[in-house]
Amino acid sequence: MRALLTEVNERLLIEAAQQDRSRFAELYEQNFERVYAFIVRRVSTRELAEDLTSEVFHHALAKLDTFEWRGVPFAAWLYRIAANVIADRWSRASTQHEVPTDSLNEQGFDDDTERRAMLFQLIDSLPDDQRTVIFQRFVEQRSIAEIARGMQPSEGAVKQLQFRAMQSLRARVRSKHV
Amino acid sequence: MSNISLYDELDREVESLLNGRATNSSHSGELADMLRIARDLRHLPRPDFKAQLAADLRIPSTPEAVLPTLFGGGYGNYPIHSTNFIASFALHVAAIALIAWSSVWLVQSRTLLTPSVETAVLTEISPYLPPAPTTAGGGGGGGNRDKFAATQGALPKFSRSQIVPPTLIVRNEDPKLSADPTVVVPPEVRLPQVGPLGDPMSRITGPLSNGSGGGIGSGTGGGVGSGRGPGVGPGWGGGIGGGAYRVGGGVSAPRALYNPDPQYSDEARKAKHQGIVVLWCVIGPDGRPHEMRVARSLGMGLDEKALEAVRTWRFEPALKDGRPVAVQVNIEVNFRLY
């Protein structure tokens with residue numbers, strides 16, 4: 001029943017966005033982490049992943065009118081665009097010509113990508129101080145000492161915030177899977 | 001392992017991950033799960049990237065609600081089914097009507113809880129009351145301030161008016177104008193009137209006495225008996241028996257001059273008890289109510305409230321032949337909750 005409601009809501013959102021492009025925002029919110037996680041798993045750097053993610057959404061917005069609802073989730077359509085975008089980039093670099101999509105299931109989802117996308121979304125639910133530590137540690141790749149200097153607490157306190165954040169994310173991931 | 005050593009251990013492994021070094025694969029449980037999460041977090045997008053891309057796409061960073069609302073965002077994005085619209089409209093109209101009706105009902109109900117006495121109505125309703133076990137009529141007193149009670153005897157003549165009151169002891173043997181002594185009783189009434197005059201109810205046979213009043217007996221006025229007035233018996237005014245006049249047949253109705261409304265009793269107000277109390281009383285020639293009693297009771301303290309109020313009333317007395325007379329009346333006191 002929940003899946004059916006989600007499907008109906010997604011269809012309504014797509015129809016709304018096809019009539020008014022400003023309505024694309026909700027589709028973007030729902031699928032940003034998925035697309036990024038799909039791409040970042042297949043490319044080497046964060047910069048390239050962000051560049052390709054941007055390309056996917058621009059392409060999707062431009063081609064939104066061509067989307068026809070056939071019972072397949074909107075994310076699967078975005079994954080197909082993402083795969084094409086990655087392939088184009090590789091072909092230009094003459095490295096590889098086909099993006100492996102074997103891991104996608106019947107619904108067009110990749111379990112590993114879904115898990116990672118969910119994790120990225122869960123970051124927003126952390127308390128501010130824990131979220132700051134996670135971004136500085138993993139995105140900016142600062143050391144504990146550097147973070148402690150910027151945030152003023154002791155290094156031990158920063159380690160504790162890092163631990164608490166990871167612990168909280170683990171609990172939330174497990175609860176989502178259960 | 002203590003918490004501090006756990007923090008250090010996690011940070012050591014995270015540091016190895018970020019620097020591309022091998023991590024300790026012997027960890028299990030919570031720490032192993034955290035390291036798996038840490039591997040994914042290495043690919044976390046920059047916090048401002050999502051908002052930047054949204055700005056590039058020229059879509060609002062905070063999406064507006066797109067589900068249909070009555071007048072808000074999203075209206076017009078979805079097909080409108082006329083049946084749904086009509087059903088919704090009818091439902092809203094019904095709800096508004098229900099709210100309006102309930103408001104009116106509440107106001108009306110609230111008014112009903114406010115106790116008040118509508119008015120007191122002076123009326124003659126004796127024809128509607130059950131008949132009394134004994135027939136009452138007018139009556140009169142008598143007497144002549146004698147030390148002895150009136151002696152037994154026959155009643156004088158009955159007449160609609162009285163010129164000379166009856167007397168047994170004649171003080172004026174030679175009056176200039178003579179008239180037969182009478183009592184005010186309708187001439188149609190037939191009673192034995194043979195023998196010397198006197199009070200038929202007296203047990204004293206002699207010596208002759210007029211009694212202590214003005215006619216024959218202990219009352220006042222020119223009648224016979226213990227009452228007041230020119231009639232016969234213990235009552236008021238003319239006629240025979242214990243009663244006063246009734247309104248009609250030449251007797252005008254008394255008119256209330258001062259008639260404050262009774263108070264509602266607390267008990268009746270709480271019980272939302274309402275109805276009519278009927279009081280029987282005699283309005284004397286002095287304009288005051290006398291001999292009050294409850295003819296129809298309502299209970300819950302309302303009878304007492306009615307009596308208490310009517311006792312303070314003042315009337316313009318009933319008139320017969322231009323003279324104030326006592327009349328019996330019924331007074332309705334209508335207790336209503338509005």
Side-chain angles (χ1 to χ4, degrees), chain A residues 9 12-13 15-30 32-33 36-37 40-41 46-47 49-50 53-54 57-58 60-61 112 115-116 119-120 123-124 131-132 134-135 137-144 155-156 158-167 169-170 173-174, chain B residues 1-20 27 29-69 72-79:
Chain A
N9 279 342
L12 290 173
L13 289 173
E15 289 174 1
Q18 285 175 330
Q19 292 181 20
D20 180 0
R21 293 301 160 89
S22 65
R23 304 294 185 199
F24 187 70
E26 195 152 338
L27 289 170
Y28 173 78
E29 282 290 328
Q30 286 183 359
F32 170 82
E33 281 82 7
Y36 179 85
V40 81
R41 186 165 175 257
R46 177 179 286 108
E47 289 71 22
E50 290 180 356
T53 302
S54 173
F57 278 105
H58 276 100
L61 191 58
D112 191 47
R115 181 180 52 78
R116 201 175 284 184
L119 182 66
F120 294 165
I123 297 293
D124 288 338
R131 191 168 61 244
T132 303
I134 291 295
F135 276 124
R137 188 81 172 111
F138 290 96
V139 177
E140 300 172 14
Q141 299 200 351
R142 292 187 184 184
S143 67
I144 292 292
E155 290 186 20
V158 174
K159 284 181 186 174
Q160 186 183 5
L161 284 172
Q162 176 181 252
F163 185 87
R164 296 289 179 216
M166 304 282 278
Q167 199 175 35
L169 288 171
R170 174 179 176 264
V173 167
R174 286 167 76 94
Chain B
M1 190 180 288
S2 70
N3 280 342
I4 294 175
S5 55
L6 266 178
Y7 305 156
D8 291 337
E9 181 68 19
L10 176 67
D11 188 57
R12 248 192 319 274
E13 295 296 336
V14 168
E15 190 68 29
S16 299
L17 267 176
L18 294 175
N19 291 324
H27 294 303
E30 187 179 37
L31 203 56
D33 289 345
M34 287 185 187
L35 284 176
R36 207 170 298 129
I37 289 171
R39 283 189 197 95
D40 288 337
L41 288 178
R42 285 181 303 168
H43 306 293
L44 194 63
R46 287 182 294 115
D48 54 347
F49 170 61
K50 189 175 177 181
Q52 277 179 0
L53 179 55
D56 289 346
L57 293 168
R58 294 181 182 175
I59 55 176
S61 57
T62 304
E64 295 176 20
V66 296
L67 291 177
T69 58
Y75 189 77
N77 291 327
Y78 305 97

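Excluded from the calculations below are hydrogen atoms, water molecules and symmetry mates; all remaining heavy atoms, backbone and side chain alike, are included.
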Would you indicate whether the side-chain heavy atoms of B:Arg42 and A:Arg46 approach each other to under 4.5 Å?
no
Sort A:Phe120 into side chain, backbone, both or neither according to what part of it lies under 4.5 angstrom from a heavy atom of chain B.
both
In short, B:Pro45 meets A:Phe135 closest at the heavy-atom pair O-CE2, 3.6 Å
Salt bridge (charged side-chain N to carboxylate O under 4.0 Å, His left out) with B:Arg46: which of A:Glu140, A:Glu47, A:Glu50?
A:Glu50
Distance, nearest 0.5 Å, that separates CD of B:Glu13 from CE of A:Met166:
10.5 Å
Run the salt bridge (Lys or Arg N to Asp or Glu O under 4.0 Å) test against A:Arg164 and tell me which residues pass, sequence neighbours left out.
none
Name the member of A:Gln141, A:Gln18, A:Gln160 that forms the most heavy-atom pairs with chain B at distances under 4.5 Å.
A:Gln160
What are the two closest heavy atoms between B:Val14 and A:Gln162, and how far apart are they?
CG1-OE1, 4.0 Å
Check whether A:Ile144 gets within reach of chain B through its side chain, its backbone, both or neither, counting any heavy atom under 4.5 Å.
side chain
Looking at A:Glu33, A:Arg131, A:Arg137, A:His58, which has the largest count of heavy-atom pairs under 4.5 Å with chain B?
A:Arg137
Chain A contacts, top residue of B:Leu10, B:Asp40, B:Asp33, B:Asp56 (heavy-atom pairs, under 4.5 Å)
B:Asp40
How many angstroms lie between atom CZ of A:Phe163 and atom CG of B:Leu6, to the nearest 0.5 angstrom?
4.5 Å
Kindly compute the distance separating CZ (A:Arg116) from CZ (B:Arg39), expressed to the nearest 0.5 Å.
11.0 Å
Could you tell me the separation between the CZ atom of A:Arg170 and the CG atom of B:Leu31, rounded to the nearest 0.5 Å?
9.5 Å
Shortest non-hydrogen contact from B:Leu41 to A:Phe138?
O-CB, 3.4 Å
I'd like to know if the side chain of B:Tyr7 and the backbone of A:Val158 have a donor-acceptor N/O pair within less than 3.5 Å.
no
Please flag which part of A:Leu27 lies under 4.5 Å from any non-hydrogen atom of chain B: side chain, backbone, both or neither.
neither
Looking only at heavy atoms, what is the nearest atom pair of B:Leu44 and A:Val139, with distance?
O-CG2, 3.7 Å
For B:His43 and A:Tyr36, work out which heavy atoms get closest and say how close.
O-CE2, 2.9 Å
If I measure from the heavy atoms of chain B, does A:Phe57 come under 4.5 Å with its side chain, its backbone, both, or neither?
both
